[in-house]
There are 2 protein chains.
Amino acid sequence: MELDTPKPRRRGRPPKQADGQRNTRAALVRAGVELLTEKGFAATGIDEFLRRVGVPKGSFYHYFSSKEAFGTELIENYANYFARKLDRWLLDESTPPLQRIANFVADARAGMERHGYRRGCVIGNLGQEMGALPDAYREHLADVFTDWETRLARCLELARQEGSIAPDSDSRTLARFFWIGWEGAVLRAKLELSPTPLDLFAQGFFLGLGR
Amino acid sequence: MELDTPKPRRRGRPPKQADGQRNTRAALVRAGVELLTEKGFAATGIDEFLRRVGVPKGSFYHYFSSKEAFGTELIENYANYFARKLDRWLLDESTPPLQRIANFVADARAGMERHGYRRGCVIGNLGQEMGALPDAYREHLADVFTDWETRLARCLELARQEGSIAPDSDSRTLARFFWIGWEGAVLRAKLELSPTPLDLFAQGFFLGLGR
DNA sequence: ATTTAATTAGACGATCGGTCTATTATTCGC
DNA sequence: GCGAATAATAGACCGATCGTCTAATTAAAT
């Protein structure tokens with residue numbers, strides 16, 4: 001929490017070019033995603049986002065029409081970020097398919113470790129909160145999971161064709177299974193402040209593939 | 001949401017015996033657990049518990065010293081309720097061990113269906129919220145999972161000894177794997193308002209056991 | 001009868017959530 | 001160039017919520 005940003009932000013319309021940091025909005029989104037990985041959406045007040053970035057309320061409602069709209073953008077932003085991260089591993093043609101998945105797991109694990117297991121998955125966090133969230137989020141979140149599922153399924157399909165997993169496997173179902181369990185593992189890792197739930201689930205998943 | 005309870009609660013010290021409903025405190029806990037299965041802890045205000053039961057604030061702070069203390073009691077209450085439910089299935093000696101687990105799954109599934117997939121698991125919900133929760137909850141929640149794990153592991157151990165699953169299985173690890181994934185499945189079921197995540201995970205788990 | 005215990009009633013102040021209006025600085029249109 | 005539109009910050013504002021505290025009410029204890 002970088003508290004006081006003593007930089008007294010200039011008011012008024014900013015100069016067109018060379019404005020140095022055209023970043024207020026982006027900074028809000030970044031801080032928003034960060035906070036959402038740690039805390040719930042309902043539990044986090046707008047002031048908290050603002051204090052984090054050192055921006056007054058007026059700016060917030062200049063950029064976003066409401067907290068709900070802000071949330072939508074956070075979901076999109078995180079989903080994109082994560083999809084890119086996923087592809088970085090799953091589309092790596094220099095690596096056999098199953099190893100790609102293992103690499104992703106290792107990367108995610110390292111990420112959680114880096115943040116002391118205090119940050120989880122934005123999509124999972126929001127999903128858990130659905131009872132207190134705008135209902136419009138539901139479909140949005142579900143779509144994100146479907147997207148990740150598709151990406152993973154493609155990789156698993158490669159593995160199947162390659163003969164690394166049973167030829168009668170259903171890649172789609174396997175991918176779905178993975179994400180269901182993985183979200184559980186992330187949640188548990190956050191609770192125990194430890195990577196073992198991630199390891200344990202991943203290991204179980206790969207073992208299951210072997211049958 | 002049973003809004004107005006038109007029963008104008010009698011004030012003053014209640015009669016000693018035959019008081020009919022010595023239930024205010026219990027009702028608060030019950031409502032609390034209900035709300036916690038649907039919404040987050042931080043997202044739910046005390047007034048919401050109170051309105052649900054039709055009790056004024058004075059009563060709440062008569063029975064509980066703070067919201068945090070209330071929460072602790074909710075965790076205990078739910079953990080107990082769930083452990084009893086678990087035992088009802090897992091200790092059923094008239095049924096083979098693996099079938100007991102399947103029965104539990106079916107029961108939990110039916111429970112979620114009954115509430116339109118809008119209620120999840122209190123412990124899981126709170127776990128996800130850890131970032132915004134009193135840190136004292138962490139250990140408490142982790143202990144609950146360990147307890148459930150132990151109960152399930154005993155059942156799996158029976159299955160192992162009986163030869164229903166591979167003799168070199170580690171019951172403890174399997175049980176841990178189950179709860180990790182199960183929480184993920186519950187979360188996902190709540191998001192999709194559908195039982196398929198539960199079914200899919202359970203099926204995958206049992207298939208994995210077969211190896 | 002008087003005191004004490006148990007409970008409900010609800011006012012209160014502080015804080016905070018989300019919205020909205022005002023102000024300031026810049027660019028754009030003509 | 002000058003006025004209008006634009007982009008951004010500043011912060012007042014209202015209602016809700018949290019936790020506390022005092023008063024009121026009823027029964028039990030002595």
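In what follows, every chain begins at residue 1, and chains take the letters A, B, ... in the order their sequences are listed.
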Checklist entry - With sequence neighbours left out, what residues match Phe70(A) under ring pair (Phe, Tyr, Trp, His ring centres under 6.0 Å)? => result Phe49(A), Phe60(A), Phe64(A)
Item to check | From dT9(D), dG19(D), dG18(C), nucleotide with atom closest to Lys67(A) side chain | outcome: dG18(C)
Checklist entry - Can you check whether Arg51(B) reaches Asp47(B) side chain to side chain, under 4.5 Å on heavy atoms? => result yes
Checklist entry - Within this structure, what is the CG-to-P distance between Leu50(A) and dC16(C), rounded to whole angstrom? => result 13 Å
Checklist entry - Do we see a donor-acceptor contact under 3.5 Å between the side chains of Arg188(B) and Ser194(B)? => result no
Item to check | Listed nucleotide nearest any side-chain atom of Tyr63(B), set dT9(D), dG18(C), dT8(C) | outcome: dT8(C)
Checklist entry - What is the nucleic acid contact for Thr44(B), judged by heavy atoms within less than 4.0 Å: base, sugar-phosphate only, or nothing? => result sugar-phosphate
Next on the checklist: Any base atoms under 4.0 Å from Ser66(B), or only sugar-phosphate, or nothing? Heavy atoms, all strands.
Outcome noted: nothing
Next on the checklist: At 4.0 Å (heavy atoms only), tell me whether Gly58(B) reaches a base, stays on the sugar-phosphate, or touches nothing.
Outcome noted: base
Item to check | Phe64(A) CZ - dA7(D) P separation (whole Å) | outcome: 15 Å
Checklist entry - Do you see a donor-acceptor pair shorter than 3.5 Å between the side chains of Arg176(A) and Thr196(B)? => result yes
Checklist entry - dT19(C) phosphate, OP1 or OP2: any side-chain N/O from Tyr61(A) under 4.0 angstrom? => result yes
Checklist entry - Is it the case that Arg172(A) and Thr150(A) place a side-chain donor and acceptor less than 3.5 Å from each other? => result yes
Checklist entry - Whole Å only: how far is the CZ atom of Arg51(B) from the P atom of dG10(C)? => result 15 Å
Next on the checklist: Donor-acceptor pair, distance only, cut-off 3.5 Å: does the side chain of Tyr78(B) make one with the backbone of Cys121(B)?
Outcome noted: no
Strictly under 3.5 Å: I want the nitrogen or oxygen pairs between protein and nucleotides 12-15 of chain D, one per line.
none

